[in-house]
Amino acid sequence: MLSEFLLTDIARLSQQHKLPLHRQLYEALRRAILDGKLAAGERVPSSRELTQDLGLSRNTVVAALNQLSVEGYLVSRTGSGTFVNESVPKPAKRHHAAQEKQGAVLSRRGQQLSSTFCATQLEIQPFTPGIADFSAFPVALWQRLQNKHWRMTYPEMLDYSYSGGYAPLRRAVADYLRVFRSVPLEVDQVIITSGTQQSLELCAQLLADHSDTVWLEDPAYWGAVKAFMATGLQAHPIAVDEHGMAPGPKHEAAPPRLIYVTPSHQYPTGAVMSLARRHQLLALAQKHSAWILEDDYDSEFRFSGPPIASLAGLDTDGRVLYLGSFSKVLYPGLKLGYLVVPKGLVTPFKQAHYDLNRPGQMPLQAALAEFIEMGHFASALRRARQSYAERRRCLLAALHPCLGPHAQITGAEQGLHLCLRLPTELDDKALAHRLGALGLTVRALSAYCLQRTDARGLVIGYGYAPLAEIARYGPVLAQVIQTELAKLGT
Ligand SMILES: Cc1ncc(COP(=O)(O)O)c(C=O)c1O
């Protein structure tokens with residue numbers, strides 16, 4: 001019986017993979033043990049018996065049995081033979097576990113993380129929000145820089161990166177932030193991370209304890225929601241109005257440990273946080289000894305007037321951590337971003353970042369530092385800004401016929417997306433779905449809402465689609481929206 005099973009399994013394995021024979025026998029025996037054909041505690045045929053029954057060489061059989069012994073599947077008892085280890089789990093249990101539904105296998109947190117909104121639609125198509133046109137990235141130049149830094153590389157560059165990342169890159173980031181984002185900082189405060197997502201996780205892990213409260217904008221950036229969910233924080237949504245997050249006295253009943261905001265261009269509504277709100281938020285952070293996490297994800301692309309100064313620039317109490325990313329200006333797969341921490345947090349953040357994430361990629365960081373120092377970053381930014389401005393203008397013109405008292409655009413002064421606000425009675429998810437069926441990927445505003453039920457609209461990106469596509473599909477988008485509005489009699 002057993003030899004039949006082993007021979008069938010070996011035949012199957014030899015068809016599927018080019019494994020040496022002793023490895024095929026090892027796999028077949030291991031499966032026999034795990035499936036219960038050879039039960040825990042049962043005697044295993046001797047190498048001589050197996051050699052005869054299977055028609056294999058003694059060496060092949062011995063090699064397979066030895067490997068199984070080394071891995072703990074088999075135990076030898078002197079004088080009585082070889083047995084399946086008693087501690088191998090019973091197959092009934094394993095099968096049961098394997099057959100259990102995913103929900104039951106995952107932790108409660110795992111179920112939450114894997115089930116909630118938005119992340120399903122990440123295809124890049126015309127109007128996908130949040131996506132830059134990385135087809136414009138100067139690949140040949142980048143390749144030259146990378147090659148150069150790989151040629152120049154010395155052993156330390158291949159190690160994990162200590163002290164917050166490659167020093168010239170941290171210097172370049174600090175210079176950029178001082179000038180363009182009015183962030184007063186010293187180089188030491190800059191920590192290079194693998195992007196905003198990692199910066200958020202680090203802040204949540206180091207500044208808050210499990211079940212501490214985080215104030216979040218409602219609607220919110222789902223990446224941040226997930227980062228806080230994963231660290232076990234209690235989300236306290238605060239509705240956003242035209243001046244950004246609007247905390248009132250009732251919210252202070254749940255005092256925050258962290259406050260996550262996108263003040264320059266609220267994601268996704270596009271609201272710019274007013275100066276009064278900024279001061280209110282800083283005062284609240286001071287009052288509750290909370291930390292503000294400022295996600296400045298798209299300030300590089302401001303189309304009218306000078307960039308809005310950062311919230312970090314107003315902070316006199318060392319309460320704001322500033323988060324930036326190269327995902328939008330360069331390309332998302334680069335996975336590089338930066339976190340600016342108040343001086344008192346520099347050492348613990350660097351140490352914990354090292355222990356938790358073992359950061360690396362120094363040659364890549366060196367290439368990026370040179371890319372910035374040589375002015376390529378500034379010119380890529382200039383080109384991108386100009387190109388996005390044209391795309392934005394084209395989309396605004398296409399949407400113009402839809403606009404009126406029941407359909408208004410917010411947040412189009414900056415970034416790579418705008419928000420078309422629609423009446424509360426309109427089902428924006430159904431509308432987004434309908435557009436999706438036409439190959440036009442937009443997101444429903446309500447899909448970003450955590451608690452509120454009054455926000456309806458479409459979040460429409462113009463970063464990814466080339467101008468010609470916006471010109472072609474913009475009117476289609478507008479037509480579908482108009483038809484939907486007409487059904488409401490508005
Ligand atoms: C609000 C917001 N923050 C940050 C990011 C960038 O995150 P990361 O650096 O993890 O790519 C995005 C990207 O879509 C975003 O929309």
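Residues take their numbers from the sequence shown, with the count starting at 1. Hydrogens, waters and symmetry mates play no part in the numbers below; they use all other heavy atoms, side chains included. Just follow the structure's listing: the first ligand is 1, and inside any ligand the first atom is 1. Keep in mind that what you see is a predicted model, and the values were worked out from it rather than measured.
Under a 4.0 Å criterion applied to the non-hydrogen atoms of T196, ligand 1 contributes the atoms 4 (C), 6 (C), 7 (O), 8 (P), 9 (O), 10 (O). Close approach of ligand 1 to S327 (heavy-atom distance below 4.0 Å) involves ligand atoms 8 (P), 9 (O), 11 (O).
At under 3.5 Å, a nitrogen or oxygen of Q197, whether backbone or side chain, sits near a nitrogen or oxygen of ligand 1. Looking at ligand 1, you'll find an N or O of D295 within less than 3.5 Å of one of its N or O atoms.
Scanning for side chain to side chain donor-acceptor pair (under 3.5 Å) contacts around S446 gives D428, with sequence neighbours left out.
Aromatic ring pairs are classed by plane angle as parallel below 30°, tilted from 30° to 60° and perpendicular above 60°; the pair H417 and Y297 is parallel.
Using a 4.5 Å cut-off on side-chain heavy atoms (C-beta onward), F349 and L321 make contact.
The single protein non-hydrogen atom nearest to atom 12 (C) of ligand 1 is Y221 OH, 3.4 Å, given as residue, atom name and distance.
Residues A478 and C402 approach most closely at O-SG, 3.4 Å, considering heavy atoms. Annotation for V261 and L281: closest pair CG1-CD2, 3.8 Å, computed over non-hydrogen atoms.
Residue contacts with ligand 1, taken as heavy atom pairs separated by less than 4.0 Å, involve K328 solely via side-chain atoms from C-beta onward.
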